[in-house]
Amino acid sequence: MKVLVIGASGLVGGECLRIFSAEPGFQVAGSYFSFPLPALHQIDTLQPDALDRWAEEHFLPDLLIQCGALTHVDRCEQYPEESFRLTVQAHRNILAFCKRHGVRMVAFSTDYVFDGRSGPYREEDPVHPLSVYGRHKLIVEEETLEAEPRHLVLRITNVYGREIRGKNFVARLLWQIKQNKPITLRLPVDQYSTPTCAADIAAAALLLVKEGQSGIFHIAGTDYMNRVELALTVLRICGYTNYDLEALPTHKLGQPAPRPLFGGLIAHKFKERFPQFIFSSVAEFVKNNKDQKTD
Ligand SMILES: NC(=O)c1ccc[n+]([C@@H]2O[C@H](COP(=O)([O-])OP(=O)(O)OC[C@H]3O[C@@H](n4cnc5c(N)ncnc54)[C@H](OP(=O)(O)O)[C@@H]3O)[C@@H](O)[C@H]2O)c1
């Protein structure tokens, strides 16, 4: 199978590139948007013909894994036009390419399509995004499945893992701990989610693709914790005490984008199909990575 990963310079795309590339018989390439990495191809998805030009020069993929988006939730709220361009308009160009060539797509969405009143959520729960990011991701999911019901939309949340820039919360905290300097944290005590390991997401995507699955699936770990508990899990497992943690309600943090408070996802549909699949816990990930380089 020929696979192109858009957004392979990011957390989820990087893991998809790694895991799909290890699959026998798969030919896999990855793209970046603004953060060049040696093995990746620059593809400017804002240009409607960029993917066609890339495919002429390299290969026409059977599958496109679409991880590209503006993922900084507060930036999306402050710059909605930029969010729309990078997340929705670019995605439309990618969808059009897939339609022209009959390419299947895996697209990623988020628990921010829900309002956080009653999470963790199942696939069939009603959506009600609170933020620009959530609204734009909902447009992406709806247009993806309207364009081609055989596409796959994976909703994910609070992703952690090893990545080149180490920008996810857990990786950044591990990095700070390794610097062995005082750490100051101001975190919401009321934002709950289901932290999920990026490597698990990529492995789950591979299983679903190999089974030819389509539609919406939630892919989520089984931890259900707030941001303070997440930080404390990392700090305790590392035995790190040189920190000052202020636990605050969300309304005192002044975050530009509203957050779903009881967010998170239940991967019941995925687990019904793959009952043997075990999602990593945050604790396991930290134990396995606390002594390794995170970047
Ligand atoms: N991380 C999470 O907790 C989380 C939660 C829910 C959903 N998701 C979704 O999962 C997907 C992957 O997220 P991530 O965590 O891997 O994010 P990430 O680390 O911020 O990576 C985003 C990737 O998208 C690329 N990109 C940005 N704008 C693009 C565009 N217009 N066209 C093509 N590529 C573009 C970036 O490229 P450059 O860096 O090279 O510019 C980067 O490779 C996104 O759809 C995101 O909304 C993530």
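Just so you know, ligand 1 is whichever comes first in the structure, and atom 1 is the first atom listed for that ligand.
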- Message: Is the terminal nitrogen or CZ of R117 (NZ for Lys, CZ for Arg) located under 6.0 angstrom from the six-membered ring centre of F262 and within 45° of that ring's axis?
- Response: no

- Query: Would you say L70 has any N or O atom under 3.5 Å from an N or O of ligand 1, going by distance alone?
  - Reply: no

- Item | L63 backbone acceptor or donor facing R104 side chain under 3.5 Å | no

- N158, portion touching ligand 1 at heavy-atom distance under 4.0 Å: backbone

- Item | Atoms in ligand 1 flagged as close to F108, the criterion being non-hydrogen separation under 4.0 Å | 10 (O), 11 (C), 45 (O)

- Check: Q179 side chain, W175 main-chain N or O, donor-acceptor pair, under 3.5 Å: yes

- Looking only at protein heavy atoms, what sits closest to atom 27 (C) of ligand 1 is A69 O, 3.2 Å

- Item | Numbered atoms of ligand 1 (with element) below 4.0 Å of S109, judged on heavy atoms | 6 (C), 7 (C)

- Message: Is the shortest side-chain heavy-atom distance between F108 and V140 below 4.5 Å?
- Response: no

- Message: Suppose we measure from atom 20 (O) of ligand 1 to each protein heavy atom; which comes out shortest, and what is that distance?
- Response: T71 OG1, 2.6 Å

- Is the shortest distance from a heavy atom of K167 to ligand 1 less than 4.0 Å? yes

- F35 heavy atoms, cut-off 4.0 Å: which ligand 1 atoms fall inside? 38 (P), 39 (O), 40 (O), 41 (O)

- Is there any N or O on R85 that sits under 3.5 Å from an N or O of ligand 1? no

- Note on the structure: A student comparing C67, A220, S83 should find that the heavy atom closest to atom 23 (C) of ligand 1 comes from C67

- Item | Minimum-distance protein heavy atom relative to atom 16 (O) of ligand 1 | V12 N, 2.8 Å

- Could you tell me whether P36 approaches ligand 1 through its side chain, its backbone, both or neither, with non-hydrogen atoms closer than 4.0 Å? neither

- ligand 1 contact by Y160, heavy-atom criterion under 4.0 angstrom: no

- Message: Using a 4.0 Å cut-off to any heavy atom of T110, which atoms of ligand 1 qualify?
- Response: 6 (C), 7 (C)

- Query: Of the backbone atoms (N, CA, C, O) and the side-chain heavy atoms from C-beta on, which set of R155 has a member under 4.0 Å from an atom of ligand 1: side chain, backbone, both, or neither?
  - Reply: neither

- Message: Which residue and atom name correspond to the protein heavy atom nearest atom 42 (C) of ligand 1, and how close is it?
- Response: S9 OG, 3.7 Å

- How close does the nearest protein non-hydrogen atom get to atom 31 (N) of ligand 1, and which residue and atom is it? L86 O, 3.0 Å

- Inter- and intrachain pairs under ring pair (Phe, Tyr, Trp, His ring centres under 6.0 Å), touching residues 49-82, at least two apart: H41-W54, H41-H58, W54-H58, W54-F59

- Taking the side chain from E163 and the backbone from N168, do they hold a donor-acceptor pair closer than 3.5 Å? yes

- Query: When you measure from atom 2 (C) of ligand 1 to every protein heavy atom, which one gives the shortest distance, and what is it?
  - Reply: V159 CG2, 3.4 Å

- Item | Note, K137 side chain near R155 side chain (heavy atom, < 4.5 Å) | no

- Hits for ring pair (Phe, Tyr, Trp, His ring centres under 6.0 Å) against F274, two or more places apart or cross-chain, chain-then-number order -> F270

- Query: Can H72 be said to touch ligand 1, with heavy atoms closer than 4.0 Å?
  - Reply: no

- Message: Would you say the rings of Y112 and F114 are close, in the sense that their centroids are separated by under 6.0 Å?
- Response: no

- Message: Only heavy atoms of K137, strictly under 4.0 Å: list the atoms of ligand 1 that pass.
- Response: 44 (C), 45 (O), 46 (C), 47 (O)

- Item | Polar proximity ligand 1 side, I6 side, N/O cut 3.5 Å exclusive | no

- Task: Considering only non-hydrogen protein atoms, determine which one is nearest to atom 48 (C) of ligand 1 and report residue, atom name and distance to 0.1 Å.
- Result: I156 CD1, 3.9 Å

- Item | Y133, portion touching ligand 1 at heavy-atom distance under 4.0 Å | side chain

- Query: Taking N or O atoms only and a 3.5 Å limit, does A90 qualify as a polar contact for ligand 1?
  - Reply: no

- Item | Test item: D62 side-chain N/O and M1 main-chain N/O as donor-acceptor pair under 3.5 Å | no

- Query: Is F33 in polar range of ligand 1, meaning some N or O pair under 3.5 Å apart?
  - Reply: yes

- Task: Tell me which protein heavy atom sits closest to atom 21 (O) of ligand 1, plus the residue, atom name and distance to 0.1 Å.
- Result: G10 CA, 3.4 Å

- Please confirm whether the backbone N or O of T45 pairs with a side-chain atom of N93, one donor and one acceptor, at under 3.5 Å? yes

- Query: Would you say T157 and ligand 1 have an N/O pair spaced under 3.5 Å apart?
  - Reply: no

- Backbone N/O of L138 and side chain of E141: donor-acceptor pair under 3.5 Å: no

- Any donor-acceptor pair under 3.5 Å linking the side chain of D223 with the backbone of V282? yes

- Less than 4.0 Å between a side-chain N and a carboxylate O, is that true for R18 and E15? yes

- Message: Tell me whether S31 reaches ligand 1 (any heavy atom closer than 4.0 angstrom to a ligand atom).
- Response: no

- Query: Between H218 and Y121, is there a donor-acceptor pair closer than 3.5 Å when you use the side chain of the first and the backbone of the second?
  - Reply: yes

- Should R186 and E246 count as an ion pair when the cut-off is N to O under 4.0 Å? yes

- Return yes if some donor-acceptor pair links the side-chain N/O of H151 with the main-chain N/O of M105 below 3.5 Å, else return no. yes

- Task: Check each atom of ligand 1 against the heavy atoms of T45 and keep those under 4.0 Å away; list them by number with element.
- Result: 30 (C), 31 (N), 32 (N), 33 (C)

- Message: Please list, in number order, the atoms of ligand 1 under 4.0 Å from a heavy atom of R165.
- Response: 39 (O)

- Task: Would you check whether L11 has a nitrogen or oxygen atom less than 3.5 angstrom from a nitrogen or oxygen atom of ligand 1?
- Result: yes

- What atoms of ligand 1 come within less than 4.0 Å of a heavy atom belonging to Y32? 40 (O)

- Task: Determine yes or no for a side-chain-to-main-chain donor-acceptor pair under 3.5 angstrom, with Q66 supplying the side chain and G68 the backbone.
- Result: yes

